[in-house]
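Proteins get letters first, then strands, A, B, ... in listed order; numbering begins at 1 in each. Below, all heavy atoms of this structure are taken into account, side chains as well, without hydrogens, waters or symmetry copies.
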Amino acid sequence: MLEMQPPIFARSRPGRRGFDLPAAGVPTPGGPEDRPGSIAGLLGEVEMRDEPPRLPELAEPEVVRHYTKLSQLNHAVDTGFYPLGSCTMKYNPKVNDELTGLPGFAELHPYQAVEDVQGTLQAMWELEQQLLELTGMRRASLQPAAGAHGELVGILMIRAWQRDRGEGHRDTVIVPDSAHGTNLATASMAGYKVVEMPSSAQGLIDLGSLKETLSRHQVSALMLTNPNTLGLFEEDILEISRLTHEAGALIYYDGANLNAILGKAKPGEMGMDVVHVNLHKTFSTPHGGGGPGAGPVAVGETLEPYLPAPLVARRPDSAGTGGAADLEGSADTYRSPEFYFEQERPKSIGRVRGFYGNVGVLIRALAYIISMGGDGLQQATEDAVLNANYLRARLRDTYEIPCDRMSMHEFVASAGRQKSYGVNARDVAKRILDSGMHAPSIYFPLIVPEALMIEPTETENRETLDAFVEVMRQIDRESREDPELVRTAPHTTPVRRPDEVLAARRPVLRWVPEDPVNG
Amino acid sequence: MLEMQPPIFARSRPGRRGFDLPAAGVPTPGGPEDRPGSIAGLLGEVEMRDEPPRLPELAEPEVVRHYTKLSQLNHAVDTGFYPLGSCTMKYNPKVNDELTGLPGFAELHPYQAVEDVQGTLQAMWELEQQLLELTGMRRASLQPAAGAHGELVGILMIRAWQRDRGEGHRDTVIVPDSAHGTNLATASMAGYKVVEMPSSAQGLIDLGSLKETLSRHQVSALMLTNPNTLGLFEEDILEISRLTHEAGALIYYDGANLNAILGKAKPGEMGMDVVHVNLHKTFSTPHGGGGPGAGPVAVGETLEPYLPAPLVARRPDSAGTGGAADLEGSADTYRSPEFYFEQERPKSIGRVRGFYGNVGVLIRALAYIISMGGDGLQQATEDAVLNANYLRARLRDTYEIPCDRMSMHEFVASAGRQKSYGVNARDVAKRILDSGMHAPSIYFPLIVPEALMIEPTETENRETLDAFVEVMRQIDRESREDPELVRTAPHTTPVRRPDEVLAARRPVLRWVPEDPVNG
Amino acid sequence: MRYLSHTQADRQAMLDVIGVESVDALFSPIPEALRATGLDLPAGLGELETRQHLEALAARNRIYGGASFLGAGSYNHFVPAAVRSLTSRAEFATAYTPYQAEVAQGTLQHIFEFQTALCELTGLGAANASMYDGPSALAEAAFLALRHNHRERILASAGLHPEERQVVATYASGPGFEVSTLDLDEDSGRTLVPTASELEGVGALLVRQPNFYGVIEDLRPLAEAAHDAGALLVVSQYPVTLGLLAPSAQVGADVAVGDVQPFGNARAFGGASAGYLVCRQDLVRQLPGRLVGQTIDADGKTAYALTLQAREQHIRRSRATSNICSNQALNALAATIHLALLGPRGLAELGEICVRRAHYLFEKLLEMPGIEPVFAGPFFNEFALRLPLPAAEFSQAMRARGVDPGVELARFSGGNGHRGGDRILVAVTEMNSPEDIGRYLTAARAVLAGETAPDPAAEEAPDA
Amino acid sequence: MRYLSHTQADRQAMLDVIGVESVDALFSPIPEALRATGLDLPAGLGELETRQHLEALAARNRIYGGASFLGAGSYNHFVPAAVRSLTSRAEFATAYTPYQAEVAQGTLQHIFEFQTALCELTGLGAANASMYDGPSALAEAAFLALRHNHRERILASAGLHPEERQVVATYASGPGFEVSTLDLDEDSGRTLVPTASELEGVGALLVRQPNFYGVIEDLRPLAEAAHDAGALLVVSQYPVTLGLLAPSAQVGADVAVGDVQPFGNARAFGGASAGYLVCRQDLVRQLPGRLVGQTIDADGKTAYALTLQAREQHIRRSRATSNICSNQALNALAATIHLALLGPRGLAELGEICVRRAHYLFEKLLEMPGIEPVFAGPFFNEFALRLPLPAAEFSQAMRARGVDPGVELARFSGGNGHRGGDRILVAVTEMNSPEDIGRYLTAARAVLAGETAPDPAAEEAPDA
Ligand SMILES: Cc1ncc(COP(=O)(O)O)c(C=O)c1O
Ligand SMILES: Cc1ncc(COP(=O)(O)O)c(C=O)c1O
């Protein structure tokens, strides 16, 4: 029974409770005479709350049932196919969740003494080494909490580098028009002007247009994604790299699509200066309905001094004993355990978050890479690309494929043909939901009309891919024979086409008890 | 999308695997010359398998998705109301699952040295003490794996006691006709004849009929449930006890319904000789879709010598240090840790399972009792009884309540009135499923026609009870206005009324690849 | 109390609806004389404090990890995280027995899959939904056999696990079935083939495979003898062997039982896991316990339901095949998932690792002075040794070195364990890494040499 | 490889459908020159071995349990099991951002509930779906303020957490916003109310509550000064205090940020948890990140959807309010569930326990020779002390006695931590039991007395 639930606040009844706390168990030192032992007395001249916050009041069974039922309203990787392009919805191994939950990891405080945290530092160090091998870069920061956060780090590093060389006047970042929105938003957040370059007819970066843009603007950086958001490998990548560098700019490589090239090509060898990696995509950590992710940023020689501090480092001659003897003469450390934080990095752009990153996500990714091994990762890439091309080959009859060439881990189809029957990409997507599958990404990249961006990932088997093809064909048939059915889809979900216009026109962003809608 | 799934065997594809094993990593000592190093060589003259068993071949993501989707087809306490009478479907606290999973509990081998297992022995000992306090008995065995298993232990103890006193000719166990099926099956499994006594018009044991039965048969034991399966407390329990004992028989108390009387009454004080307790009911351990449960058996003085061995015991003078110094002169132990197994119990009926019981279930129950405390358990009983009587009061208008008196934790309604519109208890139950709730137990106890046995439990809030009343009223209305709707219910479940007759006539108890049904 | 939702106001309002003044009135059916006055139990604890109490208990247990070599019916096998993740799903864990099939297809189908997996492993035709554990499954299997051939005698190999033998005896004590013993060959450790007179009136011949001492039995001659005498052969098994050894049906078993603990279930001090019971298809109506069958629903869709319930207590009552009601469904699910992850190749490989490592440790131990095998018969991953010192002393010294070296066999000759006796039963699994085995050997050598102080640093790597 | 399902046969069949000969052909778009030749990474490990590796790492960390008194932005609060159980449900954990609302109502609704809970706690009108963490939320809040009042100066209290101050500075470095500092009163430790000239051109005044040194700020005068100068007051909070202290809106905050780590999220070495950002209703169109709104569906049913997306990068692209895309949804869910379990009373009680225990420890420590408070202002559950010996020495000696006594403040004056300095920051929560506090006091007394050998047995019970 998939039924919508009232907001938890509407389930509240005064006086219920879901939690029993221990007694304070200590004597309370006297406060002022009139309020001895009271909390207000302890706190002194502080403004207290008049009324408690209206949090819900519920017993534990009610809370558990509420969220269990809410969860059932979600589609998820564990419940079905999720070919959401650019998002790499692959299987998230269960063992990685368990390992991250080990008390030795989960109960560690970020400011414990360095000799007390060697295990986690080693995990971070190992992950960094693995990412460097996979990307062909030199050093990485694990601090960014997501891909976009990594982008910001990358662009700020480029900016700092350029200012250092006296080129602070370079005020422009260029992106292909197929770029993900975060690329543009990142650049402007870092204070840049953004110039979008039109893609070539093949869906790739157009060298001519690149040259022209580089010459017409004070370009600081080019941001690109490779394979790009059409799932196509930028075949001219070496030339792009040469031209950009010659123009005095650096290249930011959006590594959200790294799943396509593990063991097949390395951004470092393409001449990229900085790369972010989405651990919550390629490296199988769960998306959590929107996070947490992690977006480590790896750099080459040019930008290494600018990485956010601190970095994790390993004493090269360390015996691995984690001892606590003093190390004379080191500016960065005061003890000599095997792993330590490199704090003093004078050119560093500084921190972009508190502490060290989404460490739990990092540990999951480490466990994944260890489990897969080099060969396994390469096989994953091969299967991801195989699956995408297989779907492309099988859907080609029924759906337009604007750039119908060998794709990498994803490809973009279009509902252009179906449009002529009165059914658009959104309608197709909604109708897919009726089959118990998730829809592809739609209307992205922007350069493909009625785009359906399909990324099956390597953890899907052939039966599932074939079933998806059947669904897509059926929807095509329906579009011709009964377009209304598709236009009014979905028909089997708990709700159907929430009114987004209403939501934006009259935003209801919180529950309020008076609101009759919530009863 | 609640969709039926093919059997996992039908998803198998040769060559897939969901598990990577380590290498043996040791040299293999030579076998016979012709098969050096082979497994067959190592094993010697042993008949090997010609073909591997046809287990499914799948990758881990496929297995995870399969069982995730299967799970979604279930109703469960965490997803909705579950008023299944006699089953006490209360909330199962999450923390208890976690605690049972602590490596210190989960990874313990049953034959580790006694000084290495003190924690679990202490847990078992503490639980026994708590159960004795709650039941008013003297000693308990935690070995039985479920309620029915506990019944078997109890009846075998009675049999052994009677044989010891030279009354082995007593060949009959009597049960009220309202008894749970396990009571009768247990008695006959232990080699007894079973006599069913008709209940009184009030739904209770009829003293006259008890006397008569006691005099007419060679009665070894009376088995009763109190409150009985109608949810009624046997008001004459002291008289029942006196009569039975005077007749030379003992009383077995089916404690499946203990939830009704915690802190309110104790079987020991009612004169009961042996009681089993369902930890998976009253003590909140999850039912697991049919198990594991645990059915500890507590006894009074008479039967104490007959309890299954071993029992857990505590050295009265122990310092609690768990030391390993030898204890001179003890027949039962060879070391002196605080807790130990009492093995030598010459009159014991012996074991009824391997090892010591469903220890993981015991630990959950211990955590529950500790969390609730004495007051909490009593409050739970009060609320359970309150909830049952509240529902009874509110349903009385629309459904017949054959014994409409103050009930304990459950009560039995009847669809007798609805039957006159052509709708029976099964139809009502099936129609309830359409509301996202579970149905009550039906057609039990046997003495109530069209029985609907309703046990809300204490962990349900008033809103849920009221919603259930609405559903029941609506079904009553439907029975009058549109009985066909009810007769063909459920309408919203993944399947509807599986054909049980077909299932029994042509039993398909396993998947076979050739079977076209499974395609 | 965090598990209860009523406030005092709720309670009062509900009492009003019921039409009574106070909660006490609800308990008026309980005679005054019996009315308890509270409980002598401490006040309830919050979750934090409950956790602290239980964690302190868990910390009083000693865990050996890969350095535990104990078996004897409970084995140290790896449980994949996916098993825990899936079995802990509330929809499986907090559901009841699938009485309302429409909202229990998840449970019904996984039981159907469990039944299928057991049939595949054993080669027999019909498995039930699970039993309490291996030993109680064996007792029920013996009863099944006696029901089938209307006899009252059980013949039990001396190679049964002593505890399962005891369980059979306890169950048999009720109806008064006779249980007699069939000896082992002193040399090989295999069960001696019974003579016709030994089998006189016997309905069930019970054999363990591998037997308690780890010896792999030759079942064919036992099956023949049993069948010639009109008895059924019931085999109690360590199911991990079934990836490599001939399926039970092929070597003549009529009924196979065992415990799926090795598949997806933690040792947990011996419980919970799940027993299984599989029999020849023609014996299906004698099966105890729940059975799930495949059928079709009102719309013709494939569906699952409890079936052949006329065998069960809730329908047949005193004439049921057993009194079993709750079984071990969630543990059976763990096994089904683990088997699905392993697949046929995984199961065979798992067996191979166990066999290879066990034989390696066995050979190496035999090189030590004074250590001898108890029996000469073939073994899988468990073997009994005779030691040159009391087993209790050996075990204690080994444990002081961090290795739990095996089960002292004297534990089973009564008493609270290990007093006297020089025999030990050693089991090796995939959890005992080559390093753990090396540690065992180093420690054993030191103990045999009479060294007193444990030296945890020095470990022996296998010469692989 | 257990996570991949294709067999070689599958692969070949699929290549045939694609119409290429080999897998290599699929990678033909990659220029030859770039084609990698394998990876210099070890072979994959099975689950058992992966687990062994990670378990060994976890074992290299030292966990202090209730004897850890570290705070400074990451707090040792109890996480109820129900939080873990629910957040680990695959439907929550393995879903993506709720782009397809029809199959993501679970995620959408819990975000809506999170937004509501934060509005209730702060008294402000609009909360977003979460930010990466507290510090990055603060930086985004500062940007929000500058966007709102079209200014380019940020004034930051010296009572900010040094790391959040650094994050603000890093973010500001891109567009070149100026960040200047507002000092603390040397005695009370409270932020000095800025003068009009200090506020000249300032768009955002950033204050922490309680501040980094644990001192509870008096926000009203700061708010007044800010508002008089046309700036917004942005408060960075420890949200546990909000069960007792006046809600942010009431004391003049325009924007409130913080980290919900204390609610349902493990410390986990500092991540992952979730930042929150709540602002006045009228600023909602300046909010960064995702927002969920309630609406109705095609059938008129209440439904939830992402809303006001025109602020976001995927729609507005270079003119978005932020580049944030993935946030910390699952950690926000943990907080929402924990808050639902606590309720208003639970949250207040939780605060009370922390306050009482902290003040007790504080008073007792001040009785010891040479220990002095750094500031005199009121505090909640965290306080800074000046010690009569180097803090690093104190910490090391305490840790040798099993107590992690607090964060050495010198850690934040650069370098790899704790060199020099005599100041320490101590936090107390419900996880630090009276016994743990007693242990702290006993150990501290011994350390101050110059005792060398730790004596873990002797512990001091509080004289409660
Ligand atoms: C191509 C591309 N770049 C960047 C991002 C941003 O990553 P995140 O959501 O982790 O910030 C995404 C994620 O959707 C992406 O697909
Ligand atoms: C009254 C009664 N007695 C006995 C039992 C049997 O308990 P179990 O299922 O644990 O064997 C039950 C359970 O259904 C019951 O309700």
Handout entry: Exam field: side chain B:Thr186 to backbone C:Asn323, donor-acceptor pair closer than 3.5 Å
Key = no
Practice task
For the pair C:Thr170 (side chain) and B:Ile349 (backbone), establish whether a donor and an acceptor sit closer than 3.5 Å, ignoring hydrogens and angles.
Solution key: yes
Handout entry: Portion of C:Met14 that has a non-hydrogen atom of chain B nearer than 4.5 angstrom
Key = both
Problem - Residue pair C:Arg345 / B:Pro52, side-chain heavy-atom distance below 4.5 Å - result: no
Problem - Heavy-atom donor-acceptor pair, B:Gln122 side chain to C:Leu57 backbone, under 3.5 Å - result: no
Handout entry: Residues B:Ser188 and C:Ser318: side-chain donor-acceptor under 3.5 angstrom
Key = no
Problem - Any donor-acceptor N/O pair, C:Gln105 side chain to B:Leu73 backbone, under 3.5 Å - result: no
Practice task
Assess the pair C:His314 and B:Phe444: is the distance between their ring centroids shorter than 6.0 Å?
Solution key: no
Handout entry: Main-chain N/O of B:Pro22 paired to C:Glu430 side chain as donor or acceptor, under 3.5 Å
Key = no
Handout entry: Polar side chain donor-acceptor pair, C:Thr295 to B:Asp499, under 3.5 angstrom
Key = no
Practice task
Just do the side chain to side chain contact (heavy atoms under 4.5 Å, CB included) check on C:Leu342 and B:Leu55 with the steps written out, would you?
Solution key: CA-CA 8 Å; C:Leu342 281 170; B:Leu55 295 173; 5.6 Å; no
Exercise for the section: Name the option with the most non-hydrogen atom pairs under 4.5 Å to chain C; the candidates are B:Pro53, B:Ala146, B:Ala393, B:Gly191. Expected result: B:Pro53
Practice task
Kindly determine whether B:Glu500 and C:Thr307 satisfy side chain to side chain contact (heavy atoms under 4.5 Å, CB included), including the steps that lead there.
Solution key: CA-CA 7 Å; B:Glu500 298 186 2; C:Thr307 193; over 6 Å; no
Problem - Interface moiety of B:Tyr390 toward chain C, non-hydrogen atoms closer than 4.5 Å - result: both
Handout entry: B:Asn461 side chain to C:Ser5 backbone, donor-acceptor under 3.5 Å
Key = no
Practice task
May I ask you to check whether B:Glu107 and C:Asn61 show a side-chain donor-acceptor distance below 3.5 Å?
Solution key: no
Exercise for the section: Keeping the roles fixed (side chain from B:Asn92, backbone from C:Thr94), state whether a donor-acceptor pair exists under 3.5 Å. Expected result: no
Practice task
Could you tell me whether the side chain of B:Arg351 and the main chain of C:Glu164 form a donor-acceptor pair under 3.5 Å?
Solution key: no
Exercise for the section: Examine whether an atom of C:Val292 lies under 4.5 Å from a heavy atom of chain B, and if so say whether it belongs to the side chain, the backbone or both; otherwise answer neither. Expected result: backbone
Fill in the blank from the handout: Most heavy-atom pairs under 4.5 Å with chain C, out of B:Leu84, B:Thr79, B:Val352, B:Leu156, belong to B:Val352
Exercise for the section: Could you tell me whether the side chain of C:Glu113 and the main chain of B:Ile8 form a donor-acceptor pair under 3.5 Å? Expected result: yes
Problem - Listed partners of C:His6 passing ring-ring contact (aromatic ring centres under 6.0 Å, His included), at least two apart - result: none
Handout entry: Aromatic plane relationship, B:Tyr91 with C:Tyr3 - under 30° parallel, 30 to 60° tilted, over 60° perpendicular
Key = tilted
Handout entry: Counterpart residues, side-chain contact (heavy atoms from CB on, under 4.5 Å), relative to C:Arg220 (two or more places apart)
Key = B:Glu47, C:Asp218, C:Gln250, C:Val251
Completion exercise
Scanning both residues in full, the closest heavy-atom pair of B:His109 with C:Phe269 reads O-CD1, 3.6 Å
Exercise for the section: May I ask you to name which of B:Arg405, B:Arg17, B:Met270, B:Arg394 has the most heavy-atom pairs under 4.5 Å with chain C? Expected result: B:Arg17
Exercise for the section: Using modelled atom types only, decide if a donor and an acceptor are shared between the side chain of B:Arg49 and the backbone of C:Leu242 within a distance under 3.5 Å. Expected result: yes
